[in-house]
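One structure below.
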Amino acid sequence: MPATTGLQVSDLRFAYSSAEGFRVHLPQLELAPGKSLALAGPSGAGKSTLLRLLTGLLTPGSGTVSLGTAQLHSMAAEARRAFRLQHIGLVFQDFALLDYLTVAENILLPHQFRGDVGTPARTKMLDLTQRLHIDRYLDKRVSQLSQGERQRVAVARALVHAPQFVFADEPTASLDPARGRIVVDMLLEDTRQRGACLVMVTHDPSLLPLFDQTLRMEDLATTS
């Protein structure tokens, strides 16, 4: 099982072009299975950049990221993609939904890629969408939904295949406080119950006490 050793980072360094002057250096990070980490800090501090590094969507200049026994950046690009589909749930800041598909089709995409869209997957989808109050939209195309509704679809898609690692980039940004708390509570409850790791980017300081660990990005990122 990939999450037996959780998430581990060692001496991770990343820089955009020298013209931008952006640097991130994370000397060490450990997140055990079933634990949660909040990435906090002001805009431009590198929260989304770090999230992309942790998921293999960006390649660091040096250092290692291990998800369970897998070292992402030692894998070929196709192997990283296959690992993400199997073991990672992602909530992107822009949701990354397919507008021409229905809500149900978007949520079940991880199972579709794995070829196991069956009764258990659909049962899990129904449970998630009911808890997120979007079950009445299952047959609608996501292009017909509000931003907040689309955000909750993205959360359901990230959890439906029971991934061992969940990464969420501002999953409450388009939600009112009540619905935002429902989303955060669901992410925390789902990952803790399954022994999965959760890393979530947030700008809301009131949410930080809910997490097992907090990493303040202003301590890691500098612009020069």
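Not measured: the values here are computed from a predicted model.
Looking at heavy atoms from C-beta onward, Gln28 lies out of side-chain contact with Val9 at the 4.5 angstrom threshold. Looking at heavy atoms from C-beta onward, Val142 lies out of side-chain contact with Leu101 at the 4.5 angstrom threshold. Side-chain atoms of Phe95 and Val153, non-hydrogen and from C-beta on, never get closer than 4.5 Å to each other. Side-chain contact between Val65 and Gln71: absent, with no pair of heavy atoms (C-beta onward) separated by less than 4.5 Å. Here the side chains of Leu138 and Thr102 are not in contact, with every heavy-atom distance at 4.5 Å or above. Using a 4.5 Å cut-off on side-chain heavy atoms (C-beta onward), Ile88 and Leu67 make contact. Between His73 and Thr64, the closest side-chain pair of non-hydrogen atoms is not below 4.5 Å.
Atom CG of Asp139 has 12 or fewer heavy atoms from other residues, nucleotides or ligands within 6.0 Å. For Gln112, the CD atom sits in a loose shell: 12 or fewer heavy atoms of surrounding residues, nucleotides or ligands are nearer than 6.0 Å. Other residues, nucleotides and ligands contribute over 12 non-hydrogen atoms within 6.0 Å of the CZ atom of Arg192.
Side chain of His87 to main chain of Ala82: no donor-acceptor pair is present (N/O by atom type, distance under 3.5 Å, no hydrogens or angles). Of the possible donor and acceptor atoms, none in the side chain of Arg122 sits under 3.5 Å from a partner among the backbone N and O of Ala104. Remark: the backbone N or O of Pro33 is not paired with any side-chain donor or acceptor of Gln164 at under 3.5 angstrom. Side-chain atoms of Lys140 never come within 3.5 Å of backbone atoms of Leu145 as a donor-acceptor pair (strictly under, hydrogens ignored). With Arg152 contributing its side chain and Leu132 its backbone, the two residues share a donor-acceptor pair below 3.5 Å. In this structure a side-chain-to-backbone donor-acceptor pair under 3.5 Å is present from Gln151 to Pro171. For the pair Arg13 (side chain) and Gly63 (backbone), a donor-acceptor distance under 3.5 Å is absent. With Lys47 contributing its side chain and Pro42 its backbone, the two residues share a donor-acceptor pair below 3.5 Å. The backbone N or O of Leu39 lies less than 3.5 Å from no partner atom in the side chain of Arg216, so there is not a single donor-acceptor pair. Side chain of Gln144 to backbone of Arg141: a donor-acceptor contact under 3.5 angstrom is found.
Nearest heavy atoms, Ala38 versus Leu208: CB-CD2, 3.7 Å. When all heavy atoms of Phe14 and Pro60 are compared, the pair lying nearest together is CD1-CA, 4.1 Å. The two atoms that bring His133 and Ile182 nearest to each other are CE1-CD1, 3.8 Å, heavy atoms only.
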Pair Arg157-Glu105, salt bridge (Lys or Arg N to Asp or Glu O under 4.0 Å): steps then yes or no: CA-CA 10 Å; Arg157 183 185 59 187; Glu105 289 167 337; over 6 Å; no

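The aromatic rings of His111 and His161 lie perpendicular to each other, with more than 60° between the two planes, well past the 30° mark. Between Phe167 and Phe165, the ring planes lie parallel to each other; the angle is under 30°, not in the 30° to 60° tilted range.
Comment: Arg131 engages Glu189 in a salt bridge, judged by a side-chain N to carboxylate O separation of less than 4.0 angstrom.
Atom NZ of Lys124 is separated from atom CG of Leu128 by 4.5 Å, given to the nearest 0.5 angstrom.
Donor-acceptor pairing under 3.5 Å is lacking for the side chains of Asp204 and Thr202. Between the side chains of Asp212 and Ser36, at least one donor-acceptor pair of N or O atoms lies under 3.5 Å.
Results of the side chain to side chain contact (heavy atoms under 4.5 Å, CB included) test with Arg150 over Asn106, Asp94, Ile134, Asp99 single out Asp99 as the only residue that passes.
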